[in-house]
Amino acid sequence: MSHAILSVKLHELDEKIARMRSRIQLSQCAMRGRLTQEISALEQECAETDLILQERLKFSRAGVVTALSAAYEKIELVRQEAEQCLQSYAAKGEQPYASVEEKILLAEYALDFAMQAADRALLLSLKAIEAQTRQQEQDEGSLI
């Protein structure tokens, strides 16, 4: 059961990463107006995805999800605070986030954080599969 669920989630992640790669590549040669449209569309997608995730967390009956929901809310607050801090920093300079180089650096670290999150998700997945395997072995052992 967990293998199928995790496989579906990994497939979703693969598709998301492929779309991300494609968007970055297409955006590198896009006109500024198209970039603005792409940014607006992605901001809308992010807002919708956040809302869906929050709703799924809020209405889940699993006890562990309560802790996940609280952690997600804290992470979102920290992300918002960081964004406000960066905007405040930008307001002191002539360009948002002060320079193009700093924007690229922020994007680079955001991708590093995303890779770290993916590694953490992999670790949790492997531990879940191990627990399921252990449980199956115990169930089979008790039948003998």
Side-chain angles (χ1 to χ4, degrees), residues 1-140:
M1 171 81 169
S2 68
H3 295 26
I5 293 168
L6 297 175
S7 291
V8 168
K9 288 296 180 182
L10 286 173
H11 181 70
E12 290 174 8
L13 182 59
D14 284 342
E15 288 180 350
K16 191 76 146 174
I17 289 172
R19 282 192 309 271
M20 180 190 295
R21 182 180 297 114
S22 176
R23 278 178 149 163
I24 289 172
Q25 289 171 344
L26 291 173
S27 295
Q28 289 177 343
C29 58
M31 302 296 284
R32 195 162 73 95
R34 178 67 185 128
L35 279 173
T36 302
Q37 290 174 345
E38 187 69 22
I39 290 168
S40 294
L42 189 53
E43 286 174 339
Q44 181 67 29
E45 283 179 39
C46 287
E48 289 172 6
T49 302
D50 283 344
L51 185 61
I52 290 167
L53 183 56
Q54 288 174 6
E55 289 297 309
R56 284 176 44 201
L57 288 170
K58 185 168 46 171
F59 292 112
S60 176
R61 293 189 175 126
V64 70
V65 175
T66 303
L68 286 174
S69 182
Y72 179 79
E73 288 175 17
K74 288 178 185 176
I75 290 168
E76 183 57 21
L77 285 174
V78 169
R79 186 199 63 77
Q80 290 172 359
E81 288 173 6
E83 188 172 329
Q84 289 172 354
C85 179
L86 291 171
Q87 288 173 352
S88 170
Y89 176 71
K92 295 175 185 175
E94 294 179 13
Q95 297 178 323
Y97 304 133
S99 72
V100 171
E101 291 80 15
E102 287 177 325
K103 284 185 175 185
I104 292 170
L105 185 63
L106 287 171
E108 180 184 349
Y109 276 109
L111 290 169
D112 288 340
F113 296 148
M115 287 186 286
Q116 181 67 10
D119 284 343
R120 295 287 182 188
L122 173 60
L123 181 59
L124 289 171
S125 298
L126 294 177
K127 287 181 177 183
I129 292 169
E130 178 189 39
Q132 183 181 32
T133 303
R134 190 177 323 116
Q135 181 65 47
Q136 287 172 342
E137 290 171 353
Q138 288 174 350
D139 291 347
E140 291 170 2

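Just so you know, these numbers come straight off a predicted model, no measurement behind them. Numbers for residues simply follow the sequence, beginning at 1.
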Examine the side chains of Glu48 and Gln44 and answer whether a donor and an acceptor come within less than 3.5 Å of each other.
yes
So, Glu140 and Gln136: side-chain donor and acceptor under 3.5 Å apart, yes or no?
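Their side chains do not contain a donor-acceptor pair, so the 3.5 Å distance test is not met.
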May I ask you to check whether over 12 heavy atoms, not counting those of Arg19, lie within 6.0 Å of atom CZ?
yes
Does CZ belonging to Arg120 count more than 12 external heavy atoms closer than 6.0 Å?
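Atom CZ in Arg120 is not packed in, count stays at 12 or less.
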Point-to-point distance, once rounded to the nearest 0.5 Å, from [atom1] of [X] to [atom2] of [Y]:
X: Ile17; Y: Leu111; atom1: CD1; atom2: CG; value: 10.0 Å
X: Glu108; Y: Phe113; atom1: CD; atom2: CZ; value: 10.5 Å
X: Tyr109; Y: Ile104; atom1: OH; atom2: CD1; value: 14.0 Å
X: Lys127; Y: Leu122; atom1: NZ; atom2: CG; value: 11.0 Å
X: Ile39; Y: Cys46; atom1: CD1; atom2: SG; value: 11.5 Å
X: Asp119; Y: Leu124; atom1: CG; atom2: CG; value: 11.0 Å

For Glu45, the side-chain contact (heavy atoms from CB on, under 4.5 Å) test, sequence neighbours excluded, returns Arg23, Leu42
Minimum side-chain heavy-atom gap Gln138-Gln135 below 4.5 Å
yes
Heavy-atom side-chain contact between Arg34 and Leu26 under 4.5 Å:
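SC-SC contact between Arg34 and Leu26 ruled out.
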What are the two closest non-hydrogen atoms of Leu57 and Val65, and how far apart are they?
O-CG1, 3.4 Å
Between the side chain of Ser60 and the main-chain N/O of Arg56, is any donor-acceptor distance below 3.5 Å?
no
Check for a donor-acceptor pair, side chain of Ser40 on one end and backbone N or O of Thr36 on the other, with a separation under 3.5 Å.
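Present.
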Let me know which of Val8, Asp14, Leu10 forms a side chain to side chain contact (heavy atoms under 4.5 Å, CB included) with Glu12.
Val8
Trace of the salt bridge (charged side-chain N to carboxylate O under 4.0 Å, His left out) decision for Glu55 with Lys58
CA-CA 5 Å; Glu55 289 297 309; Lys58 185 168 46 171; 3.5 Å; yes
Is there a side chain to side chain contact (heavy atoms under 4.5 Å, CB included) between Thr133 and Glu137 once you walk through the steps?
CA-CA 6 Å; Thr133 303; Glu137 290 171 353; 3.7 Å; yes
